[in-house]
Undergrad: 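What follows is a structure written as structure tokens; I'll ask about it next.
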Amino acid sequence: MTHSPDGLSLIDLLARNGEQASLHERAARATRQTFGDEVFVREVVELSNFCRENCHYCGMRRSDRALERYRATSDQLAELLLNHLPESVTDINLQAGEDPVAVREVAIPLIKLLRSETELGISVCLGTLNDALYSELKEAGASIYILKFETGNMGNYEMFEAPGTFPERIEHIRRLAADGWNVSSGFICGLPNEGPEDWLNSMRLAKSLPLSGCSVSPFVPGELTPLAGSGGADIDVVLNAMAMMRLMRPDWVIPAVSALNICQPGLGYRRGLRTGANLVTMNMTPAEFRGNYVLYKRDRFIMDEERILKSIEAEGLRPSRVGLADFWQSRRKAAVLT
Ligand code: SF4
């Protein structure tokens with residue numbers, strides 16, 4: 001195995017023991033040098049599990065006719081977010097299956113309300129939409145768009161029926177960034193039919209895109225999906241990929257995803273924070289809906305306020321008082337001035 005000229009090597013991706021510890025320490029140091037000991041704290045609300053897409057790795061794909069579908073109302077979520085938001089939260093992420101009805105009827109009115117009543121930063125993760133909806137979301141007050149490319153392997157993207165087409169997905173990421181959004185993307189590490197070279201290529205693709213942040217999500221075989229019988233990701237490889245991404249882009253915001261705790265209960269999430277992550281997400285989806293937002297399985301590992309704050313503290317970190325959206329806005333201003 002050799003190091004490649006771009007610094008992304010199989011040696012690092014597959015590192016174990018002392019070499020792995022050294023890689024993770026370097027990544028943690030790079031994070032602390034750029035962001036100090038603060039992590040951004042965002043709240044996610046999953047506003048609809050309707051989806052017109054059919055991704056093989058997801059339990060909310062349209063072909064799953066047995067799944068009970070829900071769409072929250074903006075009033076219901078407004079009550080929750082305006083009256084019950086934990087103090088440590090600076091940003092909200094509104095997430096859904098690819099459901100344009102929920103975008104129009106729930107997300108946009110809710111964003112307008114949040115913008116007028118709060119200082120919260122607003123991210124959206126609502127899938128591939130048309131230009132008119134992107135503009136409406138932005139005009140309403142959202143500034144961060146999360147659009148994952150899922151895999152850098154175009155053939156697998158098609159085979160797994162990931163949203164639309166691979167070129168279209170990449171084109172939308174570029175277009176959103178060109179239109180002034182801070183775009184965060186991500187890929188799944190450990191998908192069937194993929195191996196370490198594919199995950200290195202996913203990192204290379206991420207590096208080539210105009211991103212402000214990127215996630216590495218471990219593949220977890222969803223029980224209601226065509227991939228239910230496949231093996232799950234190796235958490236050590238996922239954490240190595242996170243560390244390599246941090247070293248590749250010290251300035252990116254990299255989330256610790258809750259699925260890390262599915263891979264290694266009780267410890268996976270904290271290991272993510274030790275490996276270069278600097279964003280945590282609390283889940284505030286109303287309890288009546290959570291069970292049906294089945295990316296993987298019904299028995300979800302919910303990162304609530306208590307679990308998040310304990311994980312942050314246990315790693316010697318603290319919640320950032322500066323919000324993510326404000327952070328990126330100040331970076332943009334600084335870039336304009338220099
Ligand atoms: S991953 Fe997203 S777009 Fe794909 S089926 Fe699931 S909710 Fe829909």
Side-chain angles (χ1 to χ4, degrees), residues 44-72 93-107 123-130 133-134 137 144-173 176 183-194 202 206 214-228 230 232-233 238 255 257-259 262 281 283 285 289-298 300-302:
V44 65
V45 178
E46 295 147 337
L47 45 90
S48 162
N49 71 351
F50 283 91
C51 188
R52 62 186 177 185
E53 299 291 351
N54 213 28
C55 311
H56 290 200
Y57 42 80
C58 176
M60 297 187 335
R61 58 203 302 268
R62 66 171 185 266
S63 290
D64 183 354
R65 309 264 178 233
L67 180 66
E68 194 181 326
R69 304 283 170 166
Y70 75 85
R71 192 176 287 129
N93 176 28
L94 300 180
Q95 181 167 302
E98 202 169 287
D99 176 13
V101 176
V103 176
R104 281 191 298 270
E105 296 183 1
V106 188
S123 309
V124 290
C125 182
L126 299 168
T128 311
L129 303 172
N130 62 34
L133 282 178
Y134 290 145
L137 285 162
I144 300 166
Y145 208 103
I146 302 166
L147 195 66
K148 300 182 182 183
F149 60 79
E150 313 290 19
T151 170
N153 182 317
M154 187 160 30
N156 285 344
Y157 192 95
E158 197 176 327
M159 183 179 75
F160 292 131
E161 292 188 78
T165 66
F166 181 81
E168 177 190 60
R169 194 75 163 181
I170 300 301
E171 201 262 321
H172 277 243
I173 289 171
L176 285 161
V183 182
S184 186
S185 191
F187 68 94
I188 305 168
C189 184
L191 277 168
N193 206 42
E194 297 204 343
S202 289
C214 192
S215 64
V216 184
S217 301
F219 170 65
V220 178
E223 58 195 15
L224 302 173
T225 71
L227 303 180
S230 306
V238 175
V257 299
S258 59
I262 298 177
T281 306
N283 192 304
T285 302
F289 299 139
R290 272 182 199 163
N292 284 323
Y293 203 87
V294 276
L295 290 174
Y296 316 116
K297 51 187 180 176
R298 285 181 185 281
R300 299 177 63 190
F301 195 95
I302 296 291

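Heavy atoms only: backbone and side chains are in, while hydrogens, waters and symmetry mates are out. Count residues from 1 along the sequence. Counting starts at 1 for both ligands and their atoms, in listed order.
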Undergrad: Distance under 6.0 Å and angle within 45° of the ring axis: does Arg71 meet both against Phe50?
TA: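 Ring-cation test returns yes.
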Undergrad: Any donor-acceptor pair under 3.5 Å linking the side-chain atoms of Tyr145 with those of His172?
TA: no
Undergrad: Under 4.0 Å from a heavy atom of Cys58: which atoms of ligand 1 are those, numbered in the order shown and with their elements?
TA: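 It comes down to these atoms of ligand 1: 1 (S), 5 (S), 6 (Fe), 7 (S).
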Undergrad: Spell out, as yes or no, whether a donor-acceptor pair under 3.5 Å connects the side chain of Arg169 to the backbone of Lys148.
TA: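 Yes; judged by distance alone, with no hydrogens or angles, the pair exists.
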Undergrad: Against heavy atoms of Arg61, which atoms of ligand 1 measure under 4.0 Å?
TA: 5 (S)
Undergrad: Relative to each other, are the rings of Tyr70 and Phe289 parallel, tilted or perpendicular (30° and 60° limits)?
TA: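 Tyr70 vs Phe289 ring planes: parallel.
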Undergrad: Check each atom of ligand 1 against the heavy atoms of Met60 and keep those under 4.0 Å away; list them by number with element.
TA: 7 (S)
Undergrad: For atom 4 (Fe) of ligand 1, state whether the nearest protein heavy atom is under 4.0 Å away.
TA: yes
Undergrad: A quick test of your reading: do over 12 heavy atoms of other residues, nucleotides or ligands sit less than 6.0 Å from CD of Glu168?
TA: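 Atom CD in Glu168 is packed in, count exceeds 12.
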Undergrad: Measuring to atom 6 (Fe) of ligand 1, does Cys55 have an N/O/S atom at a distance below 2.8 Å?
TA: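 Of the N, O and S atoms in Cys55, none lies under 2.8 Å from atom 6 (Fe) of ligand 1, which means no.
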Undergrad: Cys51 heavy atoms, cut-off 4.0 Å: which ligand 1 atoms fall inside?
TA: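 Those qualifying, in numeric order: 3 (S), 5 (S), 7 (S), 8 (Fe).
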Undergrad: Distance under 4.0 Å to a non-hydrogen atom of Gly97: what atoms of ligand 1 satisfy this?
TA: 7 (S)
Undergrad: Is it true that the side chains of Asn156 and Glu194 contain a donor and an acceptor less than 3.5 Å apart?
TA: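 Yes, a side-chain donor-acceptor pair sits under 3.5 Å.
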